[in-house]
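Here is the naming used below: chain letters follow the sequence lines, and residue numbers restart at 1 for every chain.
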Amino acid sequence: MTEREARERARKLRFFRLLGIVFLMMIFLLSFLRLIWPRKAYSAQERRTLAQLPEMTTENLRNGTFSNAMEDYLADQFPARNVWVYLDDLRGRIMGEKYSQGVYRSGSSYLIEEFKRTDDARAAKTTKAVLDYLREYPDIPAYFMLVPNASWILKDKLPSGAPIDSEEDWYTSWAQEVKNANLSNLKVVSLASAFTEETVQGKQIYYRTDHHWTTYGAYVGAKNLAAEMGLPFDTQEWKKVEVHNRFQGTLMSKSGFYSRTADTIELYLPDPDIECVTAYKEQQKTLPGLYSSEGLAGDDPYEVFFGGNYPWLNISTKAKTNRKLLIFKDSYANAMIGFLCPFFSEIHVVDPRYYTGDIRTLTASAGITDICFLYNIKTYYEDASLSLILEGGEADE
Amino acid sequence: MNNHYKKLMRKAFHLILGAIGFFLFVTLLYVIAVSGKKPVKAGVDIVKGIEEQNVPALLQAIRQKDVTEIDVTVPTTEVPIYSVPEKTTEEATTLAPEPPVTEIDVTEPADEALTQEPVVQPTDPPTDPPTQAPTDPIETDPPLTVKQIKIQDFQAEWNEKLDQNDVRNLSNEEQQQIHAMFMNTIFFGDSMTQAIGDYGFIDMSQVIYKRSASVDALIEKIPEVAAVYPERVIIFVGLNNCNFYKTPEDFATAFTALVQKLREQIPGVTLCVSSLLPPSDVLGSTRADLVRAPMYDALLNHTANMLGVEYIDAKWIVRQQNYLKDGIHMNRTFYRVWFRYLQLLMGPNL
């Protein structure tokens, strides 16, 4: 063995020793950190509760649920977890990853949720239930507004060749189906062309990191709806109030695509003010106005509208119009209801995902003069609860 | 070799230091990028300003316009206008006993010795008689008003149906009318009230109850009622009170406190109370405390009239076959007639 070979060998040995030491240190350091790291119950970043230390029983040990739960626990309670997630996102960005958990990252800082036509039959069932329900009330004018999502209006921003289904195609066939039903009291409010126009003009219809529409988007929606309802919408002035300018939404937490991108949440308050009171019926609380400062300060600032989704809200306003509106809705409507308050003396807001009462009794007993179905296309397509409450059948004791 | 090891250790140390440094750097990046999401202060202040508006004042302004549209005013012609003598107010506030949390269930027999005595007493309303407290509309002077005639006709019709055990369920229309009528009403009480929601006559969102509660225990629930700001509260309590309160007077005092606290916390609220129903004959024969129910009810009627609370006499609806097995609670049949009766009394037809 020459001297050079010996040196080379020694160098290699040193390297492997070092590797071994670092490896061992990593194991012990991380184990130690794990021991002393405080446990968290909830991740605000990801908006979900984190797994907790599972309890060991002979039962769950035998059927394997214990080790699964333990794995979740170890992954969720990893020291400085959020930083690792962020690090992984950095890595993904460098590697050019553009898709995660159903969310696409676009070049212009928009996160866009995909639309997949997984079950056309379910949506058709919902539509049938809605039409059957409306047929029972031929004298009450009804409005059907399905709001396009970003994957339709901002489809140019999607990575090229992204394998998503066309919302537009589904919407066209849906609109045809509703038209074929030939209900004289039903009007369909389409927003796609208005939204496309606004987008071309550089207006922001969607939040960049959230799946909801901006308050401006809701304003455009309300304007189009009001035109169909015959409301004097243009005579109403609105005062814009900025309530949040570092808003990062659910698409960011869902996808883990963290960035500095932040949006502004605005409220449009009627000027002059139309006073209103919201009764959270199932919560048995009556609160002034439509907004929640608690929701604004929480993990999801979009909850500034009503503080989130509730089964049944009854909004009474000072508007002396004697029109009473019943809205079936998802969370998109939360941002829009404020625009309708000056024109209705009462608004009943039903979120079918949580509502358990009898919808026909409510329709008949609340003196409803207008019915509105307000969903974003993606939720409408995916949600089965609307058909459930509409098909609920007769009220029984 | 020793030296060599030292060098190796130093290198490992540097590596770990480097790793920690890198980790800290990433943490810093992360903190800059992700955290610090605070709402705009000026905007929050405006939202808070809206939230701090006074609900009763708002509601008063909002509901004003509805008065002609939905007539929810309780007929007040035969009930004295709300005027509590100053004495009663003081008495109520000072005498209202601090409630021990009641664990007394109505099925537990109360102290025999204490309860025996009042049974023997005559059941006329005790203590200071009211100035002109009207008694039941049906029992008053011969010239009947239209309202009284309507009530009599209603009672005759349904008495017959109750006797024949032929009380139909509420039709969809009746159910809807009831929902519409009580949209801004809270039903408040113990298990007698709970049944209203459980049987499905009214949405549970309109019902606030506490099982086996005395009136004192209900006072603690008033903030929950107040949070709804109902236009009207209908109180319906049961026999728990006959063993919780040793005398009818104690019960009346507690009821006065309940009414005053409700009025304090819900300005402008209309209050009604349904009668305290007797136990079934079977249960009554074994329970000296519960047999006193008519005395409690008589004083409840009297106190309600004094306070301007509408007293709804529901005793005529009671039939022995409509008791549940416990001899205290009523079955659906009772509530079917009870709701129709409420609808008559509070609806636009009177």
Which region of A/Ile21, side chain (C-beta onward) or backbone (N, CA, C, O), has a non-hydrogen atom less than 4.5 Å from a non-hydrogen atom of chain B, or is it both or neither? side chain
Among the listed options A/Gln284, A/Lys285, A/Glu282, A/Met26, the residue most often paired with chain B at heavy-atom distances under 4.5 Å: A/Gln284
Distance-only criterion, 3.5 Å: show the donor-acceptor pairs between side-chain atoms of residues 178-187 of chain B and protein atoms not counting sequence neighbours.
| from | atom 1 | to | atom 2 | distance (Å) |
| --- | --- | --- | --- | --- |
| B/Asn184 | ND2 | B/Glu231 | OE1 | 2.8 |
| B/Thr185 | OG1 | B/Arg232 | NE | 3.4 |

Can you tell which of A/Leu290, A/Leu287, A/Val304, A/Leu87 has the highest number of heavy-atom pairs within less than 4.5 Å of chain B? A/Leu87
Would you say the side-chain atoms of A/Tyr133 and A/Thr363 include a donor-acceptor pair closer than 3.5 Å? yes
Without hydrogens or angle criteria, can the side chains of B/Gln343 and B/Glu174 be said to hold a donor-acceptor pair below 3.5 Å? no
Do you know which of A/Gln283, A/Met25, A/Arg14 has the most heavy-atom pairs under 4.5 Å to chain B? A/Arg14
If you compare all heavy atoms of B/Ile62 against all heavy atoms of A/Glu275, which two are closest, and at what distance to 0.1 Å? CD1-O, 4.1 Å
Can you see whether B/Tyr199 has B/Arg336 sitting over its ring - NZ or CZ less than 6.0 Å from the centre and within 45° of the normal? no
Chain B contact via A/Thr356 - side chain, backbone, both or neither, heavy atoms under 4.5 Å: neither
So what's closer than 4.5 Å to chain B heavy atoms on A/Leu90: side chain, backbone, both or neither? side chain
Side chain, backbone, both or neither: which part of B/Ile50 has an atom under 4.5 Å from a heavy atom of chain A? both
Side chains of A/Thr264 and A/Asn245 only: does a donor on one sit below 3.5 Å from an acceptor on the other? no
Toward chain B, the part of A/Leu19 with a non-hydrogen atom under 4.5 Å: neither
Atom CG of A/Leu326 and atom CZ of A/Phe344: how far apart are they, to the nearest 0.5 Å? 11.0 Å
Does any backbone or side-chain atom of A/Val22 lie under 4.5 Å from a heavy atom of chain B? Answer side chain, backbone, both or neither. side chain
Identify which part of B/Gln206 has an atom lying under 4.5 Å from any heavy atom of chain A, answering side chain, backbone, both or neither. both
Go through A/Gly289, A/Cys276, A/Ser292 and name the one with the most non-hydrogen pairs under 4.5 angstrom from chain B. A/Ser292
Turns out that what part of A/Ala366 lies under 4.5 Å from chain B's heavy atoms comes down to both
Validation row, ring centre B/Phe236 to ring centre B/Trp338 under 6.0 Å: yes
